[in-house]
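Each remark here refers to the structure printed beneath this line.
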Amino acid sequence: MATIIKNGRIITATDDYMADIKISEGKVVEIGKNLEASGDELVDAKGCLVVPGSIDPHTHFDLDAGDTNSADDFETGSKAALMGGTTTIIDFATQFRGQTLHEGLEHWNKKAQNKSYCDYGFHMAIAEWNDTTKHEMKEMVELGIPSFKLYTAYKATMQLGDGEIYQALACSRDIGALIEFHCENGDVIEERIKKHLEAGETGYKYHPKARPIAVEAEATERVIRLAELAEAPVYIVHISCGEALEAVREARKRGVKVYAETCPQYLFLDESVYDLEDFEGAKYVISPPLRNKAEQEKLWNGLENGDLEIVASDHCPFNLKGQKDAGKDDFSKIPNGAAGVEHRFNLLYTYGVEAGRISLNQWINLTSTRSAKVHGMFPQKGTIAIGSDADIVVFDPNASWKISVDNHHQNVDYTPYEGFEQTGKVRDVFLRGRSVVRNGEWKEAEPAGEFVKRKIR
Ligand code: URP
Ligand code: ZN
Ligand code: ZN
């Protein structure tokens, strides 16, 4: 049986029009006015926006972090994603030191297979560089994992040196891959943390002081220069400040292919939270840290003029009780990260579209289409077109509600967006034609999420 979504206003990254959509066997098969419904299921989308299922290319589900794991695994994280209109995520499958890339991938396959409700891809995070890494990178590309993540921070676990980064970038150029970078200078951070702790400055208000803007800007500039030298494209994740964005702009003027991502936390939250008492500020211990309102404004300008192309969540939640509190007496032991996969899409609608800062088309481009293109999934994902996967969200722009830990679906004991008023709400979600959310209620019985094989070049 086919499904017809009727009377909706279809919004893609480029279009805005009224039409019906026919879905069959997981694909969009027809788009037009007054589609005939002979025995098909009808979904009336009158008064609603009908948009492509959103794509979040930056999640850390079930991330091993010392002796704990991020609080959402693939089951709970993917449910929360779908409830918030995100039908595809790209998670960071991670090679830990001592492992091969294949071992890291196998570990992540076990976490995701038959557990994910939404579709998913992987970036492969490389923690160790040796003689076999280049060959393994090529094999990853052949397996449909054409993007990698490298860190210039987290010295003890993930950080690579400049020579290794340069080699990896040169390899990515040759094999048609893209490397994404967490840009902060890990060596400098180590020194600054040590200095604070030695001075008895152990509270979380020293977390942003250990990781100031210059630490991010320096690493961003350096990584881009290394990519320029290696003649490779490069993707900068979670940009939090104007100076890092400026490095992107300057590089683009020189002809470097740089992709730039930011996250809702850097657009909607600011550093004043680190002054909160009673361990409340630990909720916002993320890296890079939150900046001031002037930096937020620079990021918004970047979104408006297209310099920032993608808004991802960097979903990496840890419970305040039982996880973040490991760092009660030492801020450097607070696991870094916060939740966002469920709310990213709605937050951008409320404070972007409704607030008049971005258009409906920009909203879809920033949260879906651009990511599908950059990450090698377009037009299978990221748009509504004949032949595309029927990943479709019916979004009611007239609804209003408030984000709260009491109504979210993320498996964590707080949300950084508690009390944020929202305009518009995800009403129905289709994943490859399967009705997974209907009238805001969870409907899906089985974790039918599929691995998305991607190809970038
Ligand atoms: O604080 C953060 N962002 N944690 C998640 C891991 C990362 O650095 O992206
Ligand atoms: Zn990061
Ligand atoms: Zn991350």
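If you read the sequence from its start, that first residue is 1, and numbering goes on from there. Whatever order the structure lists them in is the order used to number ligands and atoms, beginning at 1.
- Taking the ring axis of Phe74 as reference, the NZ or CZ atom of Lys115 does not stay both within 45° of it and closer than 6.0 Å to the ring centre.
- The existence of a salt bridge linking Arg370 and Glu309 is confirmed by a sub-4.0 Å separation between a basic side-chain nitrogen and an acidic carboxylate oxygen.
- Nearest protein neighbour of atom 4 (N) of ligand 1, counting heavy atoms only, is Asn336 O, 3.2 Å.
- The protein heavy atom nearest to atom 6 (C) of ligand 1 is His60 NE2, 3.5 Å.
- In this structure, the protein non-hydrogen atom closest to atom 1 (O) of ligand 1 is Ser287 N, 2.8 Å.
- Both cation-pi conditions hold for Lys328 and Phe279: the charged atom is under 6.0 angstrom from the six-membered ring centre and inside a 45 degree cone around its axis.
- The atom of His182 that is an N, O or S and sits closest to the Zn ion (ligand 2) is ND1.
- When distances to the Zn ion (ligand 3) are checked against a cut-off of 2.8 Å, Cys316 contributes no N, O or S atom below that limit.
- Residue-to-ligand polar distances keep Tyr151 apart from ligand 1: every N/O pair is separated by 3.5 Å or more.
- Tested against His123, the residues His182, His375, His58 include a single ring-ring contact (aromatic ring centres under 6.0 Å, His included) partner, His375.
- Ligand 1 does not have Phe92 within reach: every non-hydrogen atom of the residue lies 4.0 Å or more from it.
- Contact annotation for Lys149 and ligand 1: only side-chain heavy atoms (C-beta onward) come within less than 4.0 Å of the ligand.
- Taking atom 3 (N) of ligand 1 as the reference point, the nearest protein heavy-atom neighbour is Asp314 OD2, 2.6 Å.
- A side-chain contact (heavy atoms from CB on, under 4.5 Å) with Asn336 is found for one member of Ile286, Val285, Asp314 and no other, namely Val285.
- A salt bridge does not link Lys194 to Glu190: none of the charged side-chain nitrogens sits closer than 4.0 Å to a carboxylate oxygen.
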